[in-house]
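Here the structure comes first, spelled out in structure tokens, and everything after it is commentary.
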Amino acid sequence: MAAVSWKPFVYGGLASLTAEFGTFPIDLTKTRLQVQGQTLDLRYKEIKYRGMLHALLRICKEEGLRALYSGISPALLRQASYGTIKIGTYQSLKRLFVSCPEDEALLVNVCCGILAGVVSSSIANPTDVLKIRMQAQSGLCQGSMIGNFINIYQQEGTKGLWRGVSLTAQRAAIVVGVELPVYDVTKKHLILSGFMGDTVYTHFLSSFTCGLAGALASNPVDVVRTRKMNQRVALGSKVDYKGTLDGLMQIWKTEGFFALYKGFWPNWLRLGPWNIIFFITYEQLRKLPI
């Protein structure tokens, strides 16, 4: 059993910040696409955007280029906490079971990924709420990240900052439980096949594959999570979705099955580049002689 190292935590946080900044505009369009067309929240009943590219162009035209980075502050804060804890916990848990990466088993990696995703996302949930609220606003955000934080706390209490935490943890369990093991398995087989060594090309193919797998698995829960976090609910008032299953069934019933995959293309086109940037950055940091 290997000792726990600080390097996965630091490298994971730095790589997460780099990937988040590089793909944030795509994430913003995903949020806008997912919150529109609701029948339960009339503020978002209108279908303003026909797709990712249309959303990007319309946001730039109507709100300016800066609007593409609305909510970047809590997003970076989220990755500084979530990304750091997620990767550090995942790598540390794996080393508790096996000391050599070649001996890793898929089932063990999946379990480690699920646990790492739940723990990290639960801790970082307030930053996720802030990010989604700021992204969903039309036009540039009014006030700073701290101002939005105080506003949520005053109007909705502590529960408002942890709104949708169960959905966030479930989504993170799916994403991390799929993406990280898929990356590890793909990378392992590519290297053992003899066709590719431990190179940037291997990291690219592995990260592209895990991004697609993560998007397919997580998008339905992500739609429910985005809508629930964007609900501005006063203390003691009614919420639209009672839980994950209730949200999935209501969306399916009122908007159709494919509504669960609203924002899939920007979701995948974000997770793909995000994972590529993240893993290539992370692997290069690992090679530093520290």
Side-chain angles (χ1 to χ4, degrees), residues 23-59 61-63 67-68 70-71 75 121 125 128-139 152 156 159-160 162-175 178-179 211-234 237-272 274:
T23 61
F24 189 81
I26 301 175
D27 186 48
L28 183 135
T29 63
K30 181 205 73 172
T31 297
R32 294 285 184 95
L33 287 166
Q34 288 181 339
V35 299
Q36 70 177 1
Q38 298 185 53
T39 58
L40 298 176
D41 191 339
L42 297 181
R43 293 173 303 144
Y44 300 99
K45 184 178 181 179
E46 181 188 358
I47 303 291
K48 291 182 63 176
Y49 311 114
R50 296 192 297 269
M52 185 189 72
L53 183 59
H54 180 252
L56 282 170
L57 294 174
R58 184 166 180 176
I59 291 168
K61 181 180 179 180
E62 297 180 354
E63 305 170 34
L68 293 177
S70 295
S121 63
N125 197 79
D128 217 9
V129 173
L130 277 170
K131 183 192 77 168
I132 286 176
R133 294 284 180 92
M134 294 174 75
Q135 284 181 328
Q137 295 175 13
S138 295
I152 294 173
E156 304 173 48
K159 288 184 178 180
W162 265 271
R163 182 170 306 285
V165 65
S166 62
L167 290 164
T168 303
Q170 289 166 28
R171 177 185 181 274
I174 295 171
V175 172
V178 170
E179 283 185 353
L212 176 58
L216 286 170
S218 67
N219 206 89
V221 175
D222 193 40
V223 172
V224 179
R225 180 188 71 103
T226 298
R227 292 186 176 187
K228 189 171 180 64
M229 283 187 168
N230 193 49
Q231 293 174 10
R232 287 165 174 77
V233 181
S237 58
K238 183 179 179 294
V239 297
D240 291 337
Y241 305 135
K242 298 175 183 178
T244 308
L245 184 60
D246 179 60
L248 291 170
M249 295 307 297
Q250 283 201 50
I251 293 172
W252 189 346
K253 181 179 179 180
T254 59
E255 302 173 49
F257 172 78
F258 289 105
L260 297 173
Y261 278 88
K262 280 186 175 180
F264 171 78
W265 290 112
N267 190 23
W268 178 39
L269 291 175
R270 175 184 179 266
L271 282 176
W274 196 99

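No hydrogens, no waters, no symmetry mates; every other heavy atom, side chains included, goes into these values.
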* Measure the spacing between CH2 of W252 and CG of L245 and express it to the nearest 0.5 Å. => 10.5 Å

* Under the side-chain hydrogen bond (donor to acceptor under 3.5 Å, both in side chains) test, residues paired with E62 that sit two or more places apart -> R58

* For the pair F257 and Y261, name the ring-plane relationship: parallel under 30°, tilted 30 to 60°, perpendicular over 60°. => tilted

* Test item: R227 and Q250 side chains (from C-beta on) under 4.5 Å apart, heavy atoms -> no

* **Value rounded to 0.5 Å, distance of CG in L57 from NZ in K61** => 9.5 Å

* Structure fact -> Rounded to the nearest 0.5 Å, the CD1 atom of I152 sits from the CG atom of L130 at a distance of 4.5 Å

* Shortest non-hydrogen contact between V178 and A217, atoms and distance -> CG2-CB, 4.2 Å

* Asked: When you measure from the side chain of Q36 to the backbone N and O of Y49, does any donor-acceptor pair fall under 3.5 Å?
  -> yes

* Asked: Which residues pass the side-chain hydrogen bond (donor to acceptor under 3.5 Å, both in side chains) test with K30, sequence neighbours left out?
  -> D27, D222

* Provide the closest heavy-atom pair for L28 versus A67 in the form atom of the first, atom of the second, distance. => CD1-O, 3.2 Å

* Asked: With a 4.5 Å limit on heavy-atom distance, are the side chains of I26 and W274 in contact?
  -> no

* Can you check whether L167 reaches Q170 side chain to side chain, under 4.5 Å on heavy atoms? -> yes

* To do: Kindly say whether R32 contributes a backbone atom to a donor-acceptor pair with the side chain of K48 at under 3.5 angstrom?
  => no

* Could you go through the side-chain contact (heavy atoms from CB on, under 4.5 Å) check for F24 and L68 one step at a time? => CA-CA 8 Å; F24 189 81; L68 293 177; over 6 Å; no

* **Spacing of T168 atom OG1 and N125 atom CG [to the nearest 0.5 Å]** => 4.0 Å

* Which distance, rounded to the nearest 0.5 Å, do you find between the CG of L216 and the CG of N219? -> 8.5 Å

* **Nearest heavy-atom neighbours spanning E179 and G211** => OE2-CA, 4.2 Å

